[in-house]
Amino acid sequence: MCGIVGLLVKEPELRESLGALVVPMLLGMSDRGPDSAGLAVFTELLENCNSTGVVPSITRKYSLYIGQHQIDWTEFTHNLQQIGNAIIKENGNHAIVVSDCEPNLLKQWIKQHYPQLHILSTGQTIDLYKDAGNPAEIIDRYQFGLLTGTHLVGHTRMATESAVTPAHAHPFTAGEDFCLVHNGALSNPYSIRRQLEPQGIQFETDNDTEAACRFLEWRMREGDDLETALQTGFEALDGFYTFLIGTKDKLALVRDAFACKPAIVAETDDYVAISSEFRSLAHLPNIKHARIYEPAPEEIHVWMV
Amino acid sequence: MDGLTRSNDLTFDLAQMPLRDVNQFLHHNVESGQKITILNPDGAHNIAVGLDAPIDLDIAGHAGYYAAGMNKLANVTIAGNVGPGVAENMMSGRVHVRGFASVAAGASAHSGLLVIDGDASLRCGISLKGADIVVGGNVGSFSGFMAQAGRMVVCGNAGDALGDSLYEAIIYVRGDIKSLGADAQLQPMTDTDYSTLEELLTKAELTYSPQEFKRIASAKQLYHWNANAHQEY
């Protein structure tokens, strides 16, 4: 069992309270997933990290998992100046680096000079936090209640098929500004891996969800739009799943052909909220007048920012 | 107190007290005919499971998993939607969902009546053992799977594999059937079927004509091992 939550705000004023709205949603799903939790939030603006006043188009944000390691960020920024500028924001055992370095160069540089850091996400809008442990503590540690942005996806995990570690927590990411959370279990993740690895796609864990995440992102890099990638996923991904996917400007939800795992949607003029169960939506504003429905199996639901 | 309120009417607010306390009260302290209301259900699981007295219970909102499961004698009305397994293993009484029901509504129910005004998701009436289920809307795939006894009325459409491996339960569908499951077949309506539908639709306060429904029942080809069927069954 796991819990998934998603929230996309249509009313711009609500962007300021995105995190505050989602905290009770995640807490409500912590019974379904008491061993790990995570969240990816899509923010509005990329900050500038140099002194020119213009944000270079190469600028990206990187969410990093630090764990127990001590990092001297002044030294990090100083050393990085050989290849570019960066600003760092620490949050618990995570940090967000905004840098105008070429992304592949920066990733290689981090791998070489700071192998103890793990890059959780890359993109222009995504910030990602995840860890093993009690969801309530994780929510407090990173102050999810203060997060702002246009949309987010969250997850509470009850591991069934691979280890409980920070890296196995959801969301999983691939490429840029792309993440996926999963409730369920896939039966063919290894055949998906064997299909993707010869194309140079590298996996970081043995988790089944990572296979789905990398498969869908690979389809999109090959030219599929999100809907087509998801349609292809129905054929390629075998097993039980409710997937919730976040991209720069979209949330998408799909369920397997047997609807083995739950999902419920509440939609008002102001927001779209998605959860495994209604009990974590009950607190939302104006919920009594929301349109509430359960997506049918193999229906593709996509909401735009 | 107004003239309509009886002295022993009770209201519980789940925003104010734990569900476990409410359920224990419902198990041990109710009087026959008592009217009880539960406020702020907010999707909680196991609301009013294991009732065993002829009370009228209103749940004023959406309920979570297994609402009114194992019901005996009670008349339960849920104003909103329900999660998986509403009225599962019901023994008698009546459960009425005003909204929609998630998967496995009425699973294994032995007797009594389950009415769902909206749609029911997949596996509605799975392993039904004698209860009646009336769904005002559509039912999802695999509904009536291995249903052993009882009657299901679907006023909308049915999904894939309706009535797969049916035993003696009878399913009536007013709309389209996407596909029938193994050993389920359309059969001619009889006078008994029309009167059954009349009775169940009336109980569910629905006004459709029994003439609009089709009957699905078991072809009984799976009842006995057939050594000549090339091991298909």
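Chain letters run A, B, ... following the sequence lines, proteins first and then strands; every chain starts at 1.
Heavy atoms of B:Ser121 lying under 4.5 Å from chain A belong exclusively to its side chain. For B:Asp42, the parts lying near chain A are the backbone and the side chain together; criterion is any non-hydrogen pair under 4.5 Å. Residue A:Ala296 does not touch chain B at all, counting heavy-atom pairs closer than 4.5 Å.
In this structure, A:Pro171 and A:Leu39 approach most closely via the heavy-atom pair CD-N, 3.5 Å.
Within residues 270-290 of chain A, the residues that have a heavy atom under 4.5 Å from a heavy atom of chain B are A:Glu277, A:Phe278, A:Arg279, A:Ala282, listed by number.
A donor-acceptor contact under 3.5 angstrom links the side chains of A:Asn207 and A:Ser162, judged on distance only. Side-chain contact of B:Ser108 with B:Glu88: a donor-acceptor pair under 3.5 Å is absent, judged by distance alone. When only modelled atom types and interatomic distance are considered, B:Asn81 and B:Arg98 share no side-chain donor-acceptor pair under 3.5 Å.
A salt bridge links A:Asp224 with A:Arg219: at least one charged nitrogen is closer than 4.0 Å to a carboxylate oxygen.
Aromatic ring centroids of A:Phe258 and A:Phe240 lie 6.0 Å or more apart.
Options B:Ser141, B:Ala44, B:Ser102, B:Gly64 differ in how many heavy-atom pairs under 4.5 Å they form with chain A, and the most are formed by B:Ser102.
Distance check, rounded to the nearest 0.5 Å: CG of B:Leu186 to CZ of B:Arg215 gives 10.5 Å.
Seen from the ring of A:Tyr142, A:Lys130 does not count as a face-on cation partner, given the 6.0 Å and 45° thresholds.
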